[in-house]
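Working notes for the structure below.
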Amino acid sequence: MKNLEKYTRQFFPVENPPMEWTKKTYIDKAPQWCSVDLRDGNQSLIIPMNLEEKLEFFKLLVKVGFKEIEIGFPAASETEYEFCRTLIENNMIPDDVTIQVLTQSREHIIAKTFEALKGAKNAIVHLYNSTSVAQREQVFKKSKEEIIEIARFGAKLCKQYREKTEGNFKFEYSPESFTGTEPEYAVEICNEVIDIWQPNENDKVIINLPVTVSHSMPHVYANQVEYMCNHLNNRENLIISLHPHNDRGCAVADSEMGLLAGADRIEGTLFGNGERTGNVDIITLALNMYSQGVDPELDFSNLPEITEVYEKVTRMNVYERQPYSGKLVFAAFSGSHQDAIAKGMKWRESNNLDIWNVPYLPIDPKDVGREYEGDVIRINSQSGKGGIGYIMEQMFGIDMPPKMREHFGYAVKSVSDHSHKELMPSEIKQIFMDRYVNIETDFKIDEAHFVQKDGITASVTVNKNGKIITREAVGNGRLDAVSNAVKDSLGISYSLITYQEHALETTSQSQAVAYVGIETDKGVFWGAGIKTDIIDASVCALVSAINNSGLVK
């Protein structure tokens with residue numbers, strides 16, 4: 001690509017970082033979660049949510065289990081202010097949930113913010129100002145000391161307004177554009193705020209380190225987080241928070257490595273909605289922990305319901321390949337993948353396993369409200385006999401012999417290939433019914449009677465296009481006897497190579513299904529019979545296989 005010379009590295013890596021965080025291999029406990037869907041997520045929507053939509057979304061976030069929810073920027077618009085007051089005045093905030101609001105370091109905005117929060121049982125006032133080189137030089141045209149003074153000014157005002165406003169308030173400070181800020185300067189400005197707010201064990205302060213714009217690889221950010229944790233004043237009374245954006249597609253990695261590096265808290269959104277490429281997707285982050293046996297302390301057991309509410313109130317769509325949430329993330333179209341999943345599921349069942357270790361499925365889809373049938377095994381021209389057989393067995397109780405399953409698989413793939421579409425389970429079953437079950441195209445059997453004589457003797461009445469032929473024959477079983485009678489009456493030759501049967505259901509009114517494979521000089525042909533009586537089903541399966549063979553002319 002051209003114009004490489006215009007791009008330079010806009011981040012400041014920590015010199016000689018200790019990188020102690022790299023010795024950890026996984027996150028062993030859930031962070032404090034803060035949803036910013038109603039602020040950061042909302043301000044990035046083409047059409048921001050109205051009051052009713054914000055209330056519905058707030059209730060969803062509470063249901064999921066968020067204990068901290070950033071509800072908006074009350075000084076920014078009347079809707080934001082009204083939403084805050086509605087929650088407080090109507091006592092809609094559970095006692096164990098803390099709301100959070102954002103404010104710039106300007107007195108009239110801080111005053112409006114505390115006015116909106118009056119009477120709040122628990123609230124976080126989130127103060128921020130930009131600290132990066134680009135912001136200092138290009139936007140504010142201020143020196144480092146002047147930028148620090150903005151932070152000091154806001155911190156002092158927040159403290160003053162807290163003292164004279166009814167409610168219970170905690171503080172959060174963000175050096176916005178942290179990733180474009182020199183680490184030592186970020187420490188300096190945060191320490192100035194910390195020294196003004198004087199956090200203690202009962203009044204901890206949140207220091208938020210946002211990836212306002214992602215400039216570097218995740219390990220660089222983790223080193224910056226570790227540096228801050230090691231150099232901030234009064235660390236034991238601080239909550240180190242992360243707010244990663246996804247410009248480089250690294251928000252989840254930034255968050256995970258940042259937590260390893262010492263952070264305590266994550267700000268993000270459901271499905272990663274947010275400015276530009278979005279925020280960190282809390283669902284992905286939480287379920288990554290869940291997949292390794294760590295309780296995320298958020299309830300995503302019904303992702304379809306969460307997705308439905310989210311799409312309704314935001315007018316956004318969840319991408320089909322969104323980790324854990326997308327419609328296709330558990331779907332297997334590939335034949336080899338389907339076969340591995342089907343065998344893995346049977347392995348778990350037959351070995352009565354508690355541990356989840358099914359190929360291609362990082363978590364059990366049922367744990368997030370998804371179904372195996374329709375969500376996992378999806379059938380198109382790329383599918384294989386394993387997946388197709390799994391659908392037939394799991395949804396319809398049809399357990400074909402392996403070779404018949406292979407034959408049926410090719411038939412289904414051919415239909416999908418020629419129609420250029422995915423086939424629904426009902427369509428797959430119909431292909432099975434049309435091609436194999438109770439086929440009476442060239443002939444049928446009107447009657448079959450059996451007596452125990454010389455083995456089994458069958459008296460069979462064959463109807464060939466209206467011509468009635470009756471024959472008796474002996475066999476080593478009922479089906480063999482009928483087969484011999486049919487060969488004699490129609491003058492045809494074949495070998496009966498496969499016979500299998502089972503009940504379709506377990507009730508007293510259950511039907512039986514039988515499968516028959518015959519071999520002629522032209523190959524192997526299959527038939528199936530479904531009847532209430534297993535003998536009738538077997539006879540129908542034989543008739544179907546013979547009719548499919550084309551032997552009867």
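Position 1 is the first residue of the sequence; numbering continues from there. Both backbone and side-chain heavy atoms feed into the values below; hydrogens, waters and symmetry mates do not.
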_Quick check: closest heavy atoms across Phe11 and His215, and the distance to 0.1 Å?_
CD2-O, 3.4 Å
*Who pairs with Asp247 by side chain to side chain contact (heavy atoms under 4.5 Å, CB included), at least two apart in sequence or on another chain?*
Val213, Ser214, His245, Arg276, Thr277
*Does a side-chain N-to-carboxylate-O contact under 4.0 Å join Glu267 and Arg265?*
yes
_Carboxylate-amine/guanidinium proximity below 4.0 Å for Lys204 and Glu201_ = no
_I'd like to know if Glu145 and Arg152 make a salt bridge, using a cut-off of under 4.0 Å between side-chain N and carboxylate O._
yes
*Flag the pair Arg136 and Glu146 as a salt bridge only when some basic side-chain nitrogen lies within less than 4.0 angstrom of an acidic carboxylate oxygen.*
no
*Stepwise, does the side-chain contact (heavy atoms from CB on, under 4.5 Å) test hold for Phe66 with Phe58?*
CA-CA 10 Å; Phe66 285 97; Phe58 179 82; over 6 Å; no
*Ignoring hydrogens and angles, tell me if any N or O in the side chain of Asn50 forms a donor-acceptor pair with the backbone of Glu52 under 3.5 Å.*
yes
*When rounded to the nearest 0.5 angstrom, what is the spacing between CG in Leu61 and SG in Cys34?*
10.0 Å
*With a 4.5 Å limit on heavy-atom distance, are the side chains of Thr181 and Ser132 in contact?*
yes
*Basic-acidic side-chain contact under 4.0 Å: Glu149, Lys144*: no
*Apply ring-ring contact (aromatic ring centres under 6.0 Å, His included) to His337 and list each qualifying residue two or more places apart in sequence or on a separate chain.*
Tyr360
*Find out whether the Lys NZ or Arg CZ of Lys159 is both under 6.0 angstrom from the six-membered ring centre of Phe171 and within 45° of the ring's axis.*
no
_Which atom of Asn273 lies closest to which atom of Met316, heavy atoms considered_ = OD1-CE, 3.6 Å
_Holding to ring-ring contact (aromatic ring centres under 6.0 Å, His included), I want the full list of residues that pass it with Tyr161, two or more places apart in sequence or in another chain._
Phe114
*State plainly whether the residues Glu393 and Arg405 are in salt-bridge range, i.e. N to O under 4.0 Å.*
yes
*Counterpart residues, side chain to side chain contact (heavy atoms under 4.5 Å, CB included), relative to Ala123 (two or more places apart)*: Ile99, Leu117, Ala120, Phe169
*Check ion pair Arg315-Glu53 (N to O, under 4.0 angstrom)*: yes
_For Trp33, ring-ring contact (aromatic ring centres under 6.0 Å, His included) partners two or more places apart_ = none
*Any donor and acceptor pair, going by atom type alone, linking the side chain of Tyr173 with main-chain N or O of Cys190 inside 3.5 Å?*
no
*Does a salt bridge link Asp264 with Lys29, judged by any charged N lying under 4.0 Å from a carboxylate O?*
no
_Taking salt bridge (Lys or Arg N to Asp or Glu O under 4.0 Å) as the definition, give me every residue that meets it alongside Arg348, ordered by chain and number, with sequence neighbours left out._
none
*Could you tell me whether the side chain of Asn90 and the main chain of Thr86 form a donor-acceptor pair under 3.5 Å?*
yes
*asked:* Between Lys59 and Glu56 (salt bridge meaning N to carboxylate O under 4.0 Å), is one present in this structure?
replied: no
